[in-house]
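A short write-up of the structure that comes next.
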Amino acid sequence: MKFPIYLDCHSTTPLDPKVLEAMLPYLTTDFGNASSKSHCFGWKAESAVEKARERVAKLIGASAREILFTSGATESNNFVLQGVAEKYAHQGKHFITTQIEHKCILATAEYLEKKGFEVTYLPVDDTGMIRLEELEQAIRPDTVLVSIMAANNETGTIQPIAEIGKLCRERKVFFHTDAAQAVGKIPLHVRNMQIDLLSLSAHKFYGPKGVGAVYISRKEPRVELGPLLHGGGQEQGLRSGTLNVPGIVGLGMACEIAGAHLDTEVSRVSYLRDMLHNGLVAQIEGLTLNGNPQSRLPHSLNVSFPYVESDSLVGSLKNVAISSTSACMSAASVPSYVLAAMGLPPERIHGSVRFGLGRFTTEEEIVYTINTVSQIVHQLQKSSPLYQMRDARTQE
Ligand SMILES: *Cc1c(COP(=O)(O)O)cnc(C)c1O
């Protein structure tokens with residue numbers, strides 16, 4: 001077994017060696033600019049980009065001309081929200097999203113609010129799911145876009161995407177989903193699920209960092225967006241700039257691999273995830289699951305340890321890389337807004353930890369993790385005054 005063990009696949013994933021192999025020629029001999037039309041260097045690069053576009057489209061049930069390459073999901077999300085706002089402001093200035101979106105959606109929504117748009121932030125239930133009735137009630141005549149993430153990056157909770165798509169289509173409102181956590185992990189089909197816009201990111205599913213894509217429906221409905229970057233007219237004039245050919249090839253390969261092994265990978269990784277969960281439940285009294293027990297990403301496990309500060313646990317775990325969701329992005333310790341939106345009490349939020357298994361996680365690593373985490377949790381509990389009081393009471 002190699003240390004440290006990586007169990008933080010929601011924040012990023014390692015590059016699949018097959019992806020790297022596919023990328024290498026485009027970093028060396030085949031370095032052409034995909035926009036160069038006059039020689040074979042350019043043609044080769046262009047044909048590699050178009051092959052990648054087909055692969056991305058195939059994985060999500062789109063057609064190739066509906067895929068634009070970007071630098072990642074942050075850019076795709078900004079592009080969709082700002083693009084729809086600009087192009088459709090004459091139809092309405094109301095957006096609907098949720099309280100548990102990734103920061104790049106929430107921050108863009110706040111930016112639009114400053115620009116005179118109105119945004120409804122839907123609440124979620126205690127498993128992190130939106131309620132369809134609440135979405136239905138929130139849609140108004142001036143609503144132009146519903147943006148709801150496919151799966152949450154902290155809890156792994158999967159939203160009822162097909163039902164949301166159906167509702168938005170009936171009400172003639174565009175539906176965008178930030179699928180950065182879902183693409184390559186669970187089946188997604190933009191046509192069957194009536195998704196009009198979708199964001200994805202290569203580094204969340206074993207591709208390289210700094211490359212992603214946005215799917216923009218081109219028929220029934222056709223979504224029109226203005227240019228994000230002005231310049232040489234690449235990507236149908238919407239996103240100018242020389243294409244990141246090696247990155248795009250890597251994204252294409254990541255899609256190909258994910259699609260080919262989706263079913264077997266879902267069962268393999270959810271088996272290991274459940275083993276981790278059951279192992280921890282057996283060792284740690286009062287452990288609670290955060291997120292939806294059924295509708296959840298197969299590699300996701302978010303749990304709260306009673307009488308433990310997750311920051312102390314994560315800090316003491318030298319050989320296992322995990323994330324404490326209560327830890328924040330800044331120095332100031334703001335507890336997870338996702339778990340807070342689910343209505344979890346502060347002590348559960350402060351004791352929460354996220355495990356993100358992946359393609360390269362082994363059973364051996366899970367066994368090691370169960371034992372180490374349990375040991376440290378027991379140690380930390382013993383030094384907690386609240387735990388000692390509780391212990392004293394139960395012994396009386
Ligand atoms: C990682 C992530 C993003 C940001 O993606 P980048 O490609 O890193 O910009 C956006 N949304 C969700 C849900 C994510 O998990």
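Hydrogens, waters and symmetry mates play no part in the numbers below; they use all other heavy atoms, side chains included. Just so you know, ligand 1 is whichever comes first in the structure, and atom 1 is the first atom listed for that ligand.
- The aromatic rings of H299 and H10 sit parallel, their planes meeting at an angle under 30°, below the 60° perpendicular limit.
- With ring centers used as reference points, Y26 lies 6.0 Å or more from F31.
- Between L145 and Y88, every side-chain heavy-atom pair lies at or beyond the 4.5 Å cut-off.
- Residue contact check: G72 has heavy atoms under 4.0 Å from atoms 7 (O) of ligand 1.
- With rounding to the nearest 0.5 angstrom, the CD1 atom of I60 is 5.0 Å from the CG atom of L198.
- Hydrophobic clustering (side-chain heavy atoms under 4.5 Å, transitive across Ile, Leu, Val, Met, Phe, Trp, Tyr) groups V303 together with L272.
- Judged by the 6.0 Å distance and 45° axis criteria, R239 is not positioned over the aromatic ring of F79.
- For the pair Q181 and ligand 1, the shortest N or O to N or O distance falls below 3.5 Å.
- Under the 4.0 angstrom criterion for non-hydrogen atoms, H203 is in contact with ligand 1.
- A salt bridge links R55 and E256; the closest N-O separation between the charged side-chain nitrogens and carboxylate oxygens is under 4.0 Å.
- Summary of contacts: the protein heavy atom closest to atom 1 (C) of ligand 1 is K204 NZ, 1.3 Å.
- At a 4.0 Å heavy-atom cut-off, ligand 1 touches A73 through backbone and side chain alike.
- Residue contacts with ligand 1: C104 is included, with a non-hydrogen atom under 4.0 Å away.
- At a 4.0 Å heavy-atom cut-off, ligand 1 touches M149 through the side chain alone.
- Nearest protein neighbour of atom 7 (O) of ligand 1, counting heavy atoms only, is S201 OG, 2.6 Å.
- Residue contact check: N153 has heavy atoms under 4.0 Å from atoms 13 (C), 15 (O) of ligand 1.
- Across the listed options D178, L200, T74, D178 owns the non-hydrogen atom lying nearest to atom 13 (C) of ligand 1.
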